Colleague: 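One structure is given below, represented as C-alpha cells, and several questions about it will come after.
Just so we're on the same page: letters track the sequence lines, and every chain starts at 1. This is a predicted model, so every value here is computed, not measured.
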Amino acid sequence: MKISNGMKKEYDHKKIETKWQTIWEKKGIYHASDPSISLGTSKSKKPKYYSLIEFPYPSGEGLHVGHPRPYIGMDIISRKRRMQGFNVLYPIGWDAFGLPTENYAIKTGKDPRVVTKKNTDTFRRQIKSLGVSFDWSREINTTDPKYYKWTQWIFLQFFKKGLAYKARININWCPKDKIGLANEEVIAGACERCGTLVEKREKEQWMLAITKYADRLCKDLDDVDYLPQIKLGQRNWIGRSEGAEIEFLMSCVRQDLTQDKGGVTIKVFTTRPDTIFGVTFLAVAPEVAKKLTGKDYGIKVDTDRENKEKIGVDTGLKAKNPASGEMIPVWVVNYVSADYGTGAVMGVPGHDERDFEFAKKYNLEIKEVVIPKVIDNKNPPREDKKEVFRNAIQAIIIDPNTKKILSLKWKKFNWTTFIVGGVENNEDLVSAARREILEEVGYKNLKYIRTLGGPVESHFFAAHKDENRKATFFALVFELENEEKVEVSEEEKEKHELSWTTWEEMVKDKNLACSEFQIWQARFFNNEVVYMEPGILINSGKFSGMDSEQAKKEIIKFVGGKEKTTFKLRDWVFSRQRYWGEPIPIINCKNCGYIPVPDKDLPVELPKLTGKMKNYMPTDSGESPLANISKWVNTTCPTCGGKAKRETDTMPNWAGSSWYYLRYTDVKNKKEFASKKNLKYWGAVDWYNGGNEHTTLHLLYSRFWHKFLYDLKLVPTKEPYMKRTSHGLILAEGGEKMSKSKGNVINPDEIVKVYGADTLRLYEMFMGPFHQSVVWSTESIIGVRRFIERVWNLQYKVASPDAFSQSLGPSLPSATPSKKHAGEATPVHNSSISQLLNQTIKKVTEDIETMKFNTCISTFMIFINEASKLDSLSLEVYEKFLKLLSPFAPHVTEEIWQSLYPYQTSPYSRGRRKEGVNPTSIHLSKWPEWDPNLIQDEEIKIVIQVNGKVRTEILIQVDEQEEEIKNKALINDVILKYTTNKTIKNIFYVKNRLVNIVVM
RNA sequence: GCCCAGGUGGCGGAAUUGGUAGACGCGAUAGACUCAAAAUCUAUUGGUGGCAACAUCAUGAGAGUUCGAUUCUCUCCCUGGGCACCA
C-alpha cells in the first residue's frame, strides 16, 4: 500500500530550495507572456492578471524580515492566479534614487551608482532566496538612464501642457547645512541630519499642478476597489469642500486703494453661507491685512504644534455685511492662513468653535442664527392635519436639595414631559414660564436660574389638540425655593401627576415625550455648546425660518457670491537641490526662457562627479551640487543656439515611482515608455498591495501622473490600479519598528539558513492578519517548521499508485473524489478525509482572496493533523492538498510533487510518464476545486441553550425539520432540568446552529 | 484637538459578520521512547469553586438594544498610525 522504495528522506530545506529556484529560473516558469509573443499560441487565450507590490528602495542595510511580507502575500495571490489559468504579470524593480544613498555618498565620497549596484545585488539575492515568483526578466531600476529617460520625458509633457511651472515658495532651510530640506527631512521642526532648527526661506521651485486634477482624483475613487480606509485617507488629503466666495465691501481703507471704482472688497471663502447673518467680524490672514493697510500687525500664522492660542489685532477697518448691511470690524488673526481659500473668513462665533473661542477672548459679539430642528419620532407630524406655529417654553424645575428635576406624567397619553406652555403676546419668557408653572403644578416660589441657550424648532403632532405643531421652544431652568403652592384646578390635576427624577432616570423613561431632551441635557451640563450642524435659520431677515441647507444657495445668490469648491491639496513641489535624482530636463536661456531639452537629447544624464568636484553636498547657496559642474551646466539653447544653462534641480524620489508599473509592461522599449499594444493588453494593475504610509503621497502622485497620461491618450485606463490593499508592518520583538540604529533588525538570511524559505514564508503569513502590524517572534517560528515536516512525512503514507488506481478505478479521469470509491480503499477514514479536504479547498480558495493567509494556514494544519492520524492516504487527496499549499510553500510542495509524480498517471499530461523524467511543475498545475456535495456533514451537532446559556448539545440530521429539532431539544434530559416547573415563553431555532429555549 | 486602525488566555491570534468565545500555533505541565538529553509522539492547559459531573465569572471600562452581543448603539479609558486651526 505504501510507496516502498524503502528510503525515507529527511526534509532538508537547504538541498531543496536552491535546487528549485535554479530550475524555475532556467525554465522561466514565472515569465509573463506579452501579447506579441503569446499571439496565436495557447497562452493568448489566457486572461491577463497584473499583480503588483511597491518596488523596494534598496538601502545599504539589506533586507529585513518586514520587507518580504507583502511580496509573499501577493506571491500567493499571483501563484494562485497562474494555477487558475491566468497569464500573470508579477514584476519587481528598484526605486533607487533617494536620500540614504546620497547621504552615504556625501559621507564616504563613493559614487551612488556603485553603492546602488551593491545594494540591489544584495536585495536581489535575498529576495530570490525566498522563492517569490517575480518575473525577473522585467526588473527595472529608476536610476538607470534608460529608465529615467522616460521619467524626464513625462515631465516634459507636463511642462509642455503648462502643468509644470516655476514658483517662488517657502521651503525648509537648514542654516547650518545650508540646504533646502524636504518636509520628510524635517523632524519636529529640526534638520534630520544635524538637529538644527529649520527656517523658512523663499526659493524658486519647480511645481506640478496636481490641484488641476484634485476634483477627478477625488471623484474617480468611486470607480476603484480600494480598502475603505485608503479611499478615506485620499479623500481627506485632497480635502475637497464645497462652499462659496462672498465679497465684503470695505470702508476706511488706504486712500490709494479706495480710488478704485467700486470700492475695495475682501473676498472670503465659506462653507456656511447660511450663517452670514451671524457674521460679527472678518478674520484675515496677516498677508491679506498687509495688502489692505500696508501695516505689519506682528501676527504670525504658525503651524507650530504647541502654540495653539488664538491671537488677533483689530485693524480698525470696517466691512459691510452684504446680507444684513451691518458694519463689522476686520481683525488680523493667527488662525487663518493666506494659502487656503482666499485668506479671509467670516467670523461666525455663534456657529464656529474657532470663531467662538476668538470672540470670547476679544469680547466680540456672538449671534445665533441657526437653531436645531427636531422632529418628534414618537409623535411625528401627521399628513392631513393643520399646522400651528407657537412660541413656547419648557420649564425645568430643580430641587436644589436632591438635584432632582420635575416632570409630568400624562395620564391619558402615557407621556412624560417637562412643564410646557405657549408664550403669549408681549410676554417675556420668564413670566410665561412662571405662569405655566403656577397653572399646571401650583409652585409659587421659584428662582430663575437661566435659559438653556437659544431656541429649538420642534415639529410634532399634538394629540390633545389634534393638530401639527411647529414650536420654537426655549428651556428655562428654575430652582424650587419651597413647597408652597396655590391650589391647582381640578382639570389640571386630572391631566397629569408630578414626578421627581434624575436626568439619567428621565432619559431611560420609555414614555419620554420630549425630543429636545438631549439638547437640553447637553446644554444644562455644558453651557458653551456651539451649534455647528444644519438647522433652521433665525435672525436672518427674510431667510428666517428657512432650512439651512436650502438657505445656503439662496443666500449666495442674494449677496452676489458664487459657489466654489476648494481643496486642501497643494501643488506638488517638484524640485530638490540634490545630486541623487533625475535631472530636470530644462534649459534656461536668457533670450528664450525655459526651454525643454529636445526628445533626441534625452536622457539628460546625471554627470559623474570626479576629482575635486567629487562632493555630493549641495552648494553654499543651496543649489544642487550639479551647479558646481560648469562643464555640465553650460550648454547651448536648443531654440536660439545661444549660451544657456541647464536646470540643476533634480526630481523628488516620488517621480520614478509615479509610473513604474507602466514600464513593467514593456521594459526594453527604446522608442516609447511602453508600447500601446502592451499597455492595452496589461491594462490597469488588477491588484496593488502596499504600505499604509504610501496611501496618500505615492498613491495620489501616481494616480495623478496616470490621469495626465490618460488625457494625452498615452495610457488606456483612467485609473492605474483597480484594487489596492495594504499590509501591516512587522515590528521588532519589543513592539518597536525595526531599524539599524536600534539594533533590532532580523535578517531573513539567517532564518532562511536555519529554517528554510518555506518556513519563513509560512511564518510571515501565519503571524497575524495581513493588514495589521505584528510583532516578530523567533520563538514561534518552530510551529510552522514542524508543520512542514509533517507535510513532508505524510508522503510516506501515500497509497501506492496501483492500489490507488485500483481503488479509484473508473473515476480517475474525472479526478473527482467520490465517496463510494474512497470508502473502499481505507474503509474507516477516507470518506471523512476527503470531506475535510473539500472543506479545506473551499476555505483556502476563499480566504486567499481576502488575504486571510493566517486562517488558511491554520486550515492546512487542521488537515495535516487529521491526515497524520491515518494509516494511509490516497494520492489524489494528498496531491490536491499539496497544490493548495504550493503558493505558500513553493519549494517543499514542488519537491514532494516531483517525487510522487513519476509513479503516477498524470491527469495533466497524456499517458504514463517515465520515471525520472521531469513532469510539469506543481506551480503550473490546475488549482483544485471543491465538491459542494462533499462539504456538508450528514449529521450536525447543534447546541441547546436555555435563556441564552449553553446547556447541552445534540446531533441532528441535515434534513431534519425545525419542529422535530425543537421537540428533541424540549425532551432532552439535561434540558428538562432547566425547564420543569417553568413556563416556556419562546423557542428560537437557528439553522444548523442552535436552539434557544426561553423560560420564565 | 480631529481622522483612521486596534484592545479577546502566559504569548501570536480564531470566531461562519448577531448564534457553542478562545480554532490554529507558541509556551507550559505530565507521560511514552532514551543510559541521558534533544527531537518526536500522547494527554492536559482562560480564571474561580468542586474528587467529579457540573456551576460560575470572563472578549479595555460602563450603560443600552436583543431570546442571545467579541460582533450593533451611546459614553469613557488605553495603544499604534496619520493630519495640523482648512474656514
Colleague: Report which part of the nucleic acid A:Thr695 touches: base, sugar-phosphate, or nothing (heavy-atom distance under 4.0 Å, all strands).
Modeller: nothing

Colleague: What is the distance, to the nearest angstrom, from the CG atom on A:Asn972 to the P atom on B:rU20?
Modeller: 18 Å

Colleague: Taking Watson-Crick and G-U wobble pairs with both distances under 3.5 Å, convert RNA chain B into its dot-bracket string, 5' to 3', dots for unpaired and | for cross-strand pairs.
Modeller: (((((((..(((......[....)))((((((.......))))))((((....))))..(((((..]....))))))))))))....

Colleague: Among B:rC85, B:rC24, B:rG68, which nucleotide has an atom closest to any side-chain atom of A:Asn996?
Modeller: B:rG68

Colleague: Classify the angle between the aromatic ring planes of A:Trp503 and A:Phe517 as parallel (below 30°), tilted (30 to 60°) or perpendicular (above 60°).
Modeller: tilted

Colleague: Would you say A:Tyr340 stacks on B:rC86, if stacking means ring centres under 5.5 Å apart and planes within less than 30 degrees?
Modeller: no

Colleague: CG of A:Asn692 versus P of B:rG81: gap in Å, rounded?
Modeller: 12 Å

Colleague: Starting at atom OH of A:Tyr989, determine the distance to atom P of B:rG19, rounded to an integer number of angstrom.
Modeller: 15 Å

Colleague: Under the rule syn = chi within 90° of 0, otherwise anti, which is B:rU17?
Modeller: syn

Colleague: Given B:rA15, is OP1 or OP2 found less than 4.0 Å from the side-chain N or O atoms of A:Lys852?
Modeller: yes

Colleague: Provide, to the nearest angstrom, the distance between the CZ atom belonging to A:Arg785 and the P atom belonging to B:rC24.
Modeller: 23 Å

Colleague: Rounding to an integer number of Å, can you tell me how far A:Phe356 CZ sits from B:rG1 P?
Modeller: 18 Å

Colleague: Can you check the distance between B:rG50 and B:rC33, where both ends of the measurement are the P atom (answer in whole Å)?
Modeller: 35 Å

Colleague: Considering non-hydrogen atoms only, spot the tightest contact between A:Thr211 and A:Leu569 and give its length.
Modeller: CG2-O, 3.2 Å

Colleague: Taking atom P in both B:rA61 and B:rU66, what distance in whole Å separates the two?
Modeller: 23 Å

Colleague: What nitrogen or oxygen pairs link the protein and nucleotides 51-56 of chain B at under 3.5 Å?
Modeller:
from: B:rA55; atom 1: OP1; to: A:Arg951; atom 2: NH1; distance (Å): 3.2
from: B:rA55; atom 1: OP1; to: A:Tyr978; atom 2: OH; distance (Å): 2.3
from: B:rU56; atom 1: OP2; to: A:Arg951; atom 2: NH1; distance (Å): 3.4

Colleague: Report the relative orientation of the aromatic rings in A:Trp792 and A:Tyr11; use parallel for angles under 30°, tilted for 30 to 60°, perpendicular for over 60°.
Modeller: tilted

Colleague: In this structure, how many angstroms lie between the P atom of B:rA87 and the CG atom of A:Leu282, rounded?
Modeller: 17 Å

Colleague: Examine the base of B:rC67 for any acceptor or donor lying under 3.5 Å from a partner atom in the side chain of A:Lys985, and report the outcome as yes or no.
Modeller: no

Colleague: Taking atom C1' in both B:rG60 and B:rG7, what distance in whole Å separates the two?
Modeller: 6 Å

Colleague: What's the CG-C1' distance between A:Asn865 and B:rA43, to the nearest Å?
Modeller: 14 Å

Colleague: Tell me if a side-chain donor or acceptor on A:Asn744 pairs with a main-chain N or O of A:Lys737 at a distance below 3.5 Å.
Modeller: yes

Colleague: Aromatic rings A:Phe863 and A:Phe881: how do their planes relate, parallel, tilted or perpendicular, breaks at 30° and 60°?
Modeller: parallel

Colleague: Of the candidate nucleotides B:rC24, B:rC26, B:rA87, which contains the atom at the shortest distance from the side chain of A:Phe269?
Modeller: B:rA87

Colleague: When you match A:Asn236 and A:Val990 each to their closest nucleotide on RNA chain B, which lands nearer the 5' end?
Modeller: A:Asn236

Colleague: Determine the contact category for A:Val775: base if any of its heavy atoms lies under 4.0 Å from a base atom, sugar-phosphate if only primed atoms, P, OP1 or OP2 are that close, otherwise nothing.
Modeller: nothing

Colleague: Using atom C1' in both nucleotides, what's the gap between B:rU79 and B:rG27 to the nearest angstrom?
Modeller: 24 Å

Colleague: Do you know which two heavy atoms are closest between A:Ile730 and A:Glu764, and how far apart they sit?
Modeller: CD1-OE1, 3.7 Å

Colleague: Expressed as a whole number of Å, how far does the C1' atom of B:rC67 sit from that of B:rC86?
Modeller: 50 Å

Colleague: OP1 or OP2 of B:rA87 sitting under 4.0 Å from any side-chain N/O of A:Arg272?
Modeller: no

Colleague: Kindly indicate whether a cation-pi arrangement holds for A:Lys310 with A:Tyr335, taking the cut-offs as under 6.0 Å to the six-membered ring centre and within 45° of the axis.
Modeller: yes

Colleague: Under 4.0 Å between any heavy atoms, over every strand shown, what does A:Val345 touch: base, sugar-phosphate, or nothing? Just pick one.
Modeller: base

Colleague: Kindly label the base of B:rG9 as syn or anti, based on whether its glycosidic torsion lies within 90° of 0.
Modeller: syn

Colleague: At under 4.0 Å, does any side-chain N or O of A:Ser337 touch on OP1 or OP2 of B:rC85?
Modeller: no

Colleague: Yes or no on ring-ring contact (aromatic ring centres under 6.0 Å, His included) for A:Tyr755 and A:Tyr763, after CA distance, side-chain angles and deciding distance?
Modeller: CA-CA 10 Å; A:Tyr755 298 95; A:Tyr763 178 62; 9.0 Å; no

Colleague: Determine, for A:Glu866 against A:Lys869, whether the closest basic-nitrogen to carboxylate-oxygen distance falls under 4.0 angstrom.
Modeller: yes

Colleague: Picking from A:Asn967, A:Ile965, A:Leu970, what satisfies side chain to side chain contact (heavy atoms under 4.5 Å, CB included) with A:Val995?
Modeller: A:Ile965

Colleague: With nearest nucleotide decided by heavy atoms, which residue, A:Pro769 or A:Asn986, maps closer to the 5′ end of RNA chain B?
Modeller: A:Pro769

Colleague: State yes or no: are the ring centers of A:Tyr362 and A:Phe281 separated by less than 6.0 Å?
Modeller: no

Colleague: Considering only the P atoms, how many Å lie between B:rG46 and B:rC11, rounded to the nearest integer?
Modeller: 13 Å

Colleague: From the set B:rA14, B:rU20, B:rA87, return the single nucleotide nearest to any side-chain atom of A:Asn854.
Modeller: B:rA14

Colleague: In whole angstrom, what separates A:Leu729's CG from B:rU79's P?
Modeller: 19 Å

Colleague: Using the P atom on both, measure B:rC3 against B:rA15 and round to a whole Å.
Modeller: 28 Å

Colleague: Counting any heavy atom closer than 4.0 Å, what does A:Gln945 reach on the DNA or RNA strands: base, sugar-phosphate only, or nothing?
Modeller: base

Colleague: Taking atom C1' in both B:rG22 and B:rG47, what distance in whole Å separates the two?
Modeller: 13 Å

Colleague: Identify which nucleotide among B:rU20, B:rA23, B:rU42 has an atom closest to any side-chain atom of A:Arg790, counting heavy atoms from C-beta outward.
Modeller: B:rU42

Colleague: What nucleotide among B:rC26, B:rC4, B:rG25 has an atom nearest to a side-chain atom of A:Leu232?
Modeller: B:rC4

Colleague: As a test of understanding, state which of A:Thr275, A:Asp274, A:Thr270 forms a side chain to side chain donor-acceptor pair (under 3.5 Å) with A:Arg272.
Modeller: A:Asp274

Colleague: Looking at A:Asp12 and A:Lys14, does any basic side-chain N land under 4.0 Å from a carboxylate oxygen?
Modeller: no

Colleague: From the set B:rG27, B:rA14, B:rC86, return the single nucleotide nearest to any side-chain atom of A:Ile782.
Modeller: B:rG27

Colleague: Just compare B:rA87, B:rG13, B:rA5 and give me whichever is closest to any side-chain atom of A:Thr270.
Modeller: B:rA87

Colleague: Can you tell me if A:Arg235 touches the phosphate of B:rC3, counting only side-chain N or O atoms and a distance under 4.0 Å to OP1 or OP2?
Modeller: no

Colleague: Please tell me which of the listed nucleotides, B:rC26, B:rC85, B:rG6, lies nearest to the side chain of A:Glu779?
Modeller: B:rC26

Colleague: Give one of base, sugar-phosphate or nothing for A:Ser780, where a contact means two heavy atoms less than 4.0 Å apart.
Modeller: sugar-phosphate

Colleague: Which nucleotide sits closest to the side chain of A:Arg354: B:rC41, B:rA87, B:rC86?
Modeller: B:rC86

